[in-house]
2 protein chains.
Amino acid sequence: MRTQFLYEKNLTGVANSVKRKQEQYLKIVRHLYYNGAASIAEIVKAVKISQPLVASLVDDLMGYGMLLDNGIGESIGGRRPNLFCINPEYQYVIGVDINLHSLNLAVFDLSNKQIHREEIKYFDLENSEEYLTALLEKIERMISRLGIAREKYLSVGISIPGLVDARHGLSHTHLSVAENGLAQYLSEKLGMSVQLDNDARIMALGEKAFGKAIDKENVLCLNLSNGIGLGMILNGELHSGKNGFAGEFGHILIDPKGELCHCGKIGCLETLTSGKILVRNVKKAIENGQPTILAQYHEEGKKIDLRAVVEAIQAGDQFAIDQLNQMCEYLGKGLVTLIHLLNPEMVIIGGKLAHTGKIVLDPVAMSMNKYAMSRISSETELVCSDLLDNSALMGTMANVMKCVLSLDE
Amino acid sequence: MRTQFLYEKNLTGVANSVKRKQEQYLKIVRHLYYNGAASIAEIVKAVKISQPLVASLVDDLMGYGMLLDNGIGESIGGRRPNLFCINPEYQYVIGVDINLHSLNLAVFDLSNKQIHREEIKYFDLENSEEYLTALLEKIERMISRLGIAREKYLSVGISIPGLVDARHGLSHTHLSVAENGLAQYLSEKLGMSVQLDNDARIMALGEKAFGKAIDKENVLCLNLSNGIGLGMILNGELHSGKNGFAGEFGHILIDPKGELCHCGKIGCLETLTSGKILVRNVKKAIENGQPTILAQYHEEGKKIDLRAVVEAIQAGDQFAIDQLNQMCEYLGKGLVTLIHLLNPEMVIIGGKLAHTGKIVLDPVAMSMNKYAMSRISSETELVCSDLLDNSALMGTMANVMKCVLSLDE
DNA sequence: ATACTTTTATAATATTTTTTAAAAGATTAT
DNA sequence: ATAATCTTTTAAAAAATATTATAAAAGTAT
């Protein structure tokens with residue numbers, strides 16, 4: 001079973017005809033992956049290869065076990081079509097969502113189903129050999145517990161906060177201790193290919209593939225948690241910039257007379273809008289005797305973190321909502337800059353704060369109305385993600401499949 | 001002579017084999033246009049078609065008069081290659097650069113040479129039938145004066161300031177009186193296809209094809225004249241946004257406590273940085289008795305416009321340079337936002353102010369050093385355009401050829 | 001002068017598509 | 001309801017197309 005041959009990118013020293021055939025297979029698999037089960041006739045239209053050839057290629061792929069007969073479909077006025085789909089169990093993808101204080105792992109089949117998911121809380125990200133070893137151990141344990149043969153794993157997708165150079169597989173902010181770069185390191189240790197990117201961009205890929213950005217060409221995805229990340233889909237493609245540093249939305253200037261940011265500049269958006277600031281403000285207020293549900297939480301010994309604040313907001317806590325509203329005014333200001341520059345068709349809010357839905361959306365929308373040129377902003381839809389906590393893991397899957405099924409190079 | 005067959009986009013009702021052949025021709029022509037004369041062997045490598053087939057396709061194109069034998073090239077250790085190139089005189093492109101107060105026209109041959117260029121000064125842009133008629137008349141007169149057969153013109157490229165929806169050929173800010181949109185209107189009147197876009201984006205295309213952005217993937221092009229326009233090359237492609245409104249750099253927020261902008265918002269970059277503001281400030285200062293070369297100009301009865309200010313700056317006028325420096329501090333601030341968001345590899349300054357070269361570059365660079373995260377900004381080169389006043393016309397040529405030679409759809 | 005390269009041309013082979021036909025179901029008029 | 005006519009899908013044969021392999025031509029390097 002030539003499991004991997006389909007995806008190998010630089011088939012060197014191989015006959016040209018083999019490359020061509022690989023490309024044809026890829027086109028078909030690509031179409032079936034992104035559009036679901038299809039008949040020969042449908043594939044023909046989509047991939048622009050003649051019907052007899054598509055039929056024979058599909059036949060081959062069935063032979064390899066990669067495609068399955070998916071029964072016969074509805075007729076639209078003629079013979080009923082035989083449908084084909086990707087064999088979901090032909091291969092699997094591992095998703096790794098690295099957060100500052102937790103780790104999410106998942107295994108996907110080729111129908112994008114999470115056949116396994118686990119969350120490791122209190123797994124603090126630190127730049128040490130120990131962390132890397134522990135991370136590998138968690139992944140290895142998952143693999144052995146699932147009992148799926150190692151060769152069945154197509155690739156590993158990783159989401160991590162901070163500056164990431166996806167092209168070279170480097171994580172600059174975190175885990176820079178990994179030899180030869182994080183992707184290379186993990187790839188060698190796990191014996192699988194690894195696709196790495198920054199959390200906000202991974203989220204954007206998730207939204208583009210499985211969320212509200214499907215079929216949209218210009219979408220901004222905001223990851224509102226402790227920090228404030230931005231992933232951009234521009235002209236239908238993920239934008240990473242020259243070094244993968246694009247999306248530093250948290251450090252655009254909002255208030256020239258504002259606070260000092262940890263980045264050294266003054267008045268960055270992140271000094272005014274972020275989960276961290278929200279929590280800080282709440283804590284300060286509790287100390288000052290502000291009446292709020294969060295004060296109760298505090299008395300009950302509950303930790304006052306972003307999760308708690310979101311909970312309070314969802315419970316209707318007036319003070320917390322007020323704080324959020326204030327933050328959103330600034331966020332809206334920042335978004336207006338983005339919208340004026342990029343003219344996106346949609347802005348998706350994700351991250352922990354997206355759980356509050358309309359409560360976060362409305363004040364942002366208000367602020368945008370105030371600060372944006374309506375001619376431009378009226379073309380932009382503002383919504384909350386519906387992938388929410390799953391967006392990073394779904395994004396890793398999307399990223400892996402995008403890389404694996406890409407035709408270019 | 002089937003002049004146009006090569007470019008026709010949606011060949012409907014035509015045999016599939018014809019479409020395929022058209023695509024093959026297009027690939028070859030594309031390569032020769034963008035890379036200059038090449039041998040069969042080179043073309044084979046570039047377009048990934050076999051050598052005997054490429055040879056026969058090139059033969060066909062020579063038969064149509066589209067390609068020329070370009071003699072034999074240097075050997076690199078074997079038989080010397082026959083070179084082929086596009087026949088520069090096979091077709092021509094008309095470039096139209098519409099400015100607020102002037103109009104530039106040019107005719108290009110397929111080697112991108114301006115075989116004709118004319119500048120019409122004091123041709124004020126206004127939204128009237130009269131303007132359109134006058135514009136058409138200028139173009140028609142140029143065509144008849146040149147005496148090149150009408151069928152020889154491949155297309156017309158237009159650059160115009162303001163909001164432009166290139167996809168639909170609409171100019172929103174100017175000339176909105178044109179029936180069915182500006183592109184459609186001109187196309188019907190001239191009997192040629194028309195490619196339309198906003199001046200800053202056209203400039204960006206010019207820089208990408210002929211200027212400093214060649215071979216770069218992420219470049220921001222700033223058009224610094226009376227206004228402040230932005231054209232972006234992202235992932236190697238021009239970014240226009242959903243409606244072609246992307247690039248409203250002049251209306252991003254810089255100073256929340258600043259002046260009212262004509263767009264209704266407060267503290268837009270354009271209220272702090274633009275040729276218009278520069279001229280305004282200079283005039284005010286002259287009234288107040290500020291010693292400056294410009295005061296002399298004024299006494300001599302010379303009009304104090306941006307051109308005069310640029311002249312003074314080039315002459316070393318201390319006051320004017322001071323004014324420019326102040327402006328550039330704000331411009332740098334704005335650019336930092338762009339760089340943080342998009343992580344470009346290069347920022348190109350064009351427009352009238354680019355004529356001042358280092359004098360405008362240095363203060364902008366200084367400001368960027370101050371306000372940007374060096375990790376990101378250090379990856380970005382800041383330069384002045386060397387196309388300068390030609391960038392719009394060159395851009396129209398680039399835009400036309402990009403559209404004509406595009407493979408997609 | 002000989003061996004080695006690169007480029008181009010030709011012939012043989014392989015691939016892909018077009019054409020044609022058959023199978024299977026939907027639609028419609030009687 | 002049923003036969004006749006259309007559709008759509010699939011299969012197989014024939015034709016067209018493109019590629020690979022081979023050879024020849026025209027150079028360079030030693």
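Quick note on labels: first sequence line is chain A, next is B, and so on, each numbered from 1. These numbers come from a predicted model, not from an experiment.
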If I compare all heavy atoms of [X] with all of [Y], which pair ends up nearest, and what's the gap?
{"X": "A398(B)", "Y": "F210(B)", "result": "CB-CE1, 3.9 Å"}
{"X": "V107(B)", "Y": "Y92(B)", "result": "CG1-CB, 4.0 Å"}
{"X": "K216(A)", "Y": "I233(A)", "result": "O-CG2, 4.5 Å"}

Round to the nearest Å and state the distance from [X] atom [atom1] to [N] atom [atom2].
{"X": "K45(B)", "N": "dT19(D)", "atom1": "NZ", "atom2": "C1'", "result": "17 Å"}
{"X": "K27(B)", "N": "dA18(D)", "atom1": "NZ", "atom2": "P", "result": "11 Å"}
{"X": "F84(A)", "N": "dT9(D)", "atom1": "CZ", "atom2": "P", "result": "13 Å"}
{"X": "E42(B)", "N": "dT7(C)", "atom1": "CD", "atom2": "P", "result": "7 Å"}
{"X": "N70(A)", "N": "dT9(D)", "atom1": "CG", "atom2": "P", "result": "16 Å"}
{"X": "E23(A)", "N": "dT19(D)", "atom1": "CD", "atom2": "P", "result": "12 Å"}
{"X": "L83(A)", "N": "dG25(C)", "atom1": "CG", "atom2": "C1'", "result": "15 Å"}

What pairs of nitrogen or oxygen atoms, one from the protein and one from nucleotides 25-29 of chain D, lie under 3.5 Å apart?
| residue | atom | partner | partner atom | Å |
| --- | --- | --- | --- | --- |
| dA26(D) | N3 | R79(B) | N | 3.4 |
| dG27(D) | N2 | G77(B) | O | 3.4 |

Name the one of E217(A), K212(A), E379(A) that satisfies side-chain contact (heavy atoms from CB on, under 4.5 Å) with M346(A)? K212(A)
Expected output: side-chain K27(A) to main-chain A46(A) donor-acceptor under 3.5 Å: no
Is there a donor-acceptor pair closer than 3.5 Å between any side-chain N or O of N390(A) and the backbone N or O of M394(A)? no
Would you say the side chains of N35(B) and E42(B) form a donor-acceptor pair under 3.5 Å? no
Polar atom pairs (N or O), protein with nucleotides 11-18 of chain C, under 3.5 Å:
| residue | atom | partner | partner atom | Å |
| --- | --- | --- | --- | --- |
| dT16(C) | OP1 | Q24(A) | NE2 | 3.0 |
| dT17(C) | OP2 | S50(A) | N | 3.0 |
| dT17(C) | OP2 | S50(A) | OG | 2.7 |

With side chains defined as the heavy atoms from C-beta onward, is the minimum distance between M66(A) and D60(A) less than 4.5 Å?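 No. Closest side-chain heavy atoms not under 4.5 Å.
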May I ask you to evaluate whether N82(A) reaches the phosphate of dT10(D), defined as a side-chain N or O under 4.0 Å from OP1 or OP2?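 Checking N82(A) against dT10(D): at least one side-chain N or O falls below 4.0 Å of OP1 or OP2.
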